[in-house]
Amino acid sequence: MKDDPASRAAYRAFVRRHHPDRGGDVDTFVAGLAEFHAATGRRPGTQDRFSAPIVVVVRKRGLASVAHRLAQWRKRRRKTRVR
């Protein structure tokens, strides 16, 4: 699989379907990316447009998310106590 339009379309379709931000499984996503890198003959550490590091951030949801954002907002707005 080279850098032709069909392989790029397959890569993008895979990412849209399995990306963790879109509800996909992290392990499936990472394994699929490894397969794409193996098929192209590139190592994940090499410079190309598809080899950026994968960072998965799990964020709080629901009421915990609101409380966290409120605490962060209060922390930024707090005045210093030193006079």
Side-chain angles (χ1 to χ4, degrees):
M1 199 153 85
K2 298 293 179 202
D3 243 1
D4 61 345
S7 66
R8 282 186 291 189
Y11 180 84
R12 290 179 179 172
F14 172 81
V15 170
R16 276 193 300 271
R17 208 169 331 133
H18 298 288
H19 198 280
D21 289 348
R22 304 280 302 210
D25 182 42
V26 175
D27 297 328
T28 305
F29 183 66
V30 172
L33 287 183
E35 288 179 25
F36 272 104
H37 287 295
T40 58
R42 297 183 183 134
R43 292 181 306 140
T46 61
Q47 281 287 42
D48 71 346
R49 58 188 272 186
F50 301 123
S51 67
I54 300 169
V55 178
V56 178
V57 178
V58 179
R59 297 190 179 174
K60 298 175 182 177
R61 295 179 183 248
L63 190 56
S65 172
V66 173
H68 177 73
R69 281 190 238 146
L70 184 60
Q72 294 299 316
W73 176 76
R74 269 191 72 216
K75 191 184 295 184
R76 284 192 303 265
R77 293 189 43 99
R78 214 176 261 173
K79 294 182 179 180
T80 60
R81 295 182 181 195
V82 178
R83 294 181 191 196

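Side chains are part of it too, since the values below use all heavy atoms of this structure and drop only hydrogens, waters and symmetry mates. Computed from a prediction, not measured in an experiment: that's the story for all the values here.
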Notebook entry, point to check: Taking only residues two or more places apart in sequence, or in another chain, which ones meet Phe14 in a ring-ring contact (aromatic ring centres under 6.0 Å, His included)?
Noted result: His18, Phe36
Item checked: Partners meeting ring-ring contact (aromatic ring centres under 6.0 Å, His included) with His19 (sequence neighbours left out) -> Phe29
Item checked: CZ-CZ distance between Arg8 and Arg12, expressed to the nearest 0.5 angstrom -> 6.5 Å
Item checked: Which residues share a side chain to side chain donor-acceptor pair (under 3.5 Å) with Arg69, sequence neighbours left out -> Ser65
